[in-house]
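Following: one structure in C-alpha cells, then a few remarks.
Because the structure is predicted, anything quoted here is derived from the model rather than measured.
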Number of protein chains: 2
Amino acid sequence: MARDEALSRKRIVEAAIVLLDDEGEDGLTFRALAKRLATGAGAIYWHIANKTELLVAASDVIVQRTLGEVRPHAKPHEAIRKIAAGVFEAVDAHPWVGAQLSRTPWHTATLQIFERIGQQLQALGARRGFTSATTLVSYIVGVSVQNAAQGRDALSDRAGFLATEAARWKQLDAAAYPFTRSVATQLRRHDDRAEFLAGIDLILAGVTA
Amino acid sequence: MARDEALSRKRIVEAAIVLLDDEGEDGLTFRALAKRLATGAGAIYWHIANKTELLVAASDVIVQRTLGEVRPHAKPHEAIRKIAAGVFEAVDAHPWVGAQLSRTPWHTATLQIFERIGQQLQALGARRGFTSATTLVSYIVGVSVQNAAQGRDALSDRAGFLATEAARWKQLDAAAYPFTRSVATQLRRHDDRAEFLAGIDLILAGVTA
DNA sequence: ACCTGAACACCGTTCAAGT
DNA sequence: ACCTGAACACCGTTCAAGT
C-alpha cells in the first residue's frame, strides 16, 4: 500500500522495520529496501545518511512505541517490572533492536528507558538513584540482547533445546564445572522471562536493602 | 616472527586477535589476515570453517586467559568483584570480545564466567544460586559490552565527553526527563568501572538480603 | 529538490589447480 | 594433506545524469 507516495525518512524507516522483522538483520540491504520502496538504492541516501543511522532510527521507533504502550502502575516496584518486561518482549520480538541497543548505549532509546526506570526509583525512595538506575538499565538491556541473540537456535523447539543444553551441562568435567553441573536441572525447567524478572526483583531487593 | 611456520588453527586465531586489537572488528578480513600470515585467503578455510568460528575462538582465548589471571580470594564477595572487574577490563581492552559475548551467549566463554561466579555464590551460601548467577553474569556481560561499545567516542577525552553528555542531559525537556536531568551532575563525575562494581554490590546485597 | 541506476571499492566464501 | 589465488556473489556508498 501507499507504494506511489513520495519517499520520506519516515516511510524508509518503516519499510526498514518490516524488512528487518521479515528477513532479520542480514536481510536489510539498501538494494532490498529500495526494491520494496520501488525506487533505486541511491534514492535512500537523499533522506538517510547511512545504514547506521537507519538502524538507530528504526530501533528508536520500536523502543518509543514499546514504552508508550507500557501502562503506568501505582506501585513503583510493579511499574519497574512492567517496563522491564516491555523492553524484554520488544527485543524478543525484534531481535535486531537488541544488537542496536548494545551498539549505541545512552542514545535516545536507552535514555528513555533510563528515565522511565529512574522516575520509579525516585517514587520508591531509593537513595542511590543514579547507580540503581544505571544497574537496572544495564541489566535490562544486557539480558534482552543476550536473550534475543540466542533466540534463533531455541525458538522452534525451546523445551528440546533446554533439555539438550542441560544434558550437556551435566556431562561437563566435574572438577572444572561443579556449579554448572549442580544447576543443570534448573536450566531445563527455567523460563527466560520469569528468570529475567527474578533478576529485577533481586536488584530491587538490593536497592531497598 | 615465526612467519615461516606452518599454518595452524592456533596461529590463525592468534593472528586474528592481534589484527582485531590493532584494527578493530572491521579490520578483521580474510584478506588482511592472510597477508599477515603470508598466505592466501583460502588457506585459512582449511583450518577454520568461517568468520563466525574465528571470532568465537578468538574471544574464547581472551576470556580463558582473563579468568586464568584472576587470583582467587578468600572472601566470596571480593572474589566475585575481582572476576567481574577482570571481565570488564578484558572487554574494555578488547572491545570486539564484547560484541562476541553478546552474540553467542552461553557458549564456552560465558559458561566459564558463570561457573566461576556460581562457585563463589555457593561459598557465600546464596540460596537461589541459579537465579543469582544468571543475574550476575547477564549484568557483567551486559555492562562490559555496552561499555566497550561506547568506548570509542569517549576514549580520547573521557572527561570532556562526560561533561558534554551531562550538559546535554541538563538541556533535556524538563517535563519528559525530570530524572535524567536530576542526575546529570552525577554522570559528569562518575567512573564507569566504579559504577559497574557498585552495581555488583547492589546485586549481591539483593542476593544476601 | 529529488530520484535513478550504473559504477567503485570492497566483502566472505568457494574451488580448480597446484605442491 | 595442505596451500594458492582467481572467481563468484554479494555488500554500502557515491555520483553523473536525469526529472
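A straight line from CZ of A:R31 to P of C:dC8 spans 14 Å, rounded to a whole angstrom. Distance CG (A:D26) to C1' (D:dC11): 11 Å, rounded to an integer number of Å. Residue A:L33 contributes atom CG, which lies 15 Å from atom P of C:dG5 at whole-angstrom precision. One can place NZ of B:K35 at 12 Å from P of D:dG5, the figure rounded to the nearest angstrom. Separating the CD atom of A:E23 from the P atom of D:dC11 is a distance of 11 Å, rounded to the nearest angstrom. Going from atom CZ of A:F30 over to atom P of C:dG5 covers 17 Å, rounded to whole Å. Protein atom CD1 of A:I12 is 11 Å distant from nucleotide atom P of C:dC2, rounded to whole Å. Between the C1' atom of D:dC11 and the CD atom of A:E25 lies a distance of 14 Å, rounded to the nearest Å.
With 3.5 Å as the limit, one finds a donor-acceptor pair spanning the side chains of B:Q119 and B:E115.
Screening A:V56, A:T52, A:L55, A:V145 against A:R103 for a side chain to side chain contact (heavy atoms under 4.5 Å, CB included) leaves a single residue, A:L55.
Residue B:Q64 qualifies as open at atom CD: its count of foreign heavy atoms under 6.0 Å is 12 or below.
Base pairing in DNA chain C gives the following stems of 3 or more Watson-Crick or G-U pairs, range against range and under 3.5 Å: C:4-8 with D:12-16, C:12-16 with D:4-8.
Of the possible donor and acceptor atoms, one in the side chain of B:R116 sits under 3.5 Å from a partner among the backbone N and O of B:L67. Judged purely by atom type and a 3.5 angstrom limit, B:R31 has no side-chain atom pairing as donor or acceptor with the backbone of B:A41. The backbone N or O of A:F179 lies less than 3.5 Å from a partner atom in the side chain of A:S182, making a donor-acceptor pair. With hydrogens and angles ignored, the 3.5 Å screen pairs a side-chain donor or acceptor of B:S102 with a backbone N or O of B:A99. In this structure, the side chain of B:R181 engages the main chain of B:L172 through a donor-acceptor pair within 3.5 Å.
With sequence neighbours excluded, the residues that form a ring-ring contact (aromatic ring centres under 6.0 Å, His included) with B:F196 are B:F88, B:Y139.
Across residues 40-52 of chain B, B:G42, B:Y45, B:N50, B:K51 each have a non-hydrogen atom less than 4.0 Å from an atom of DNA chain C (numbered order).
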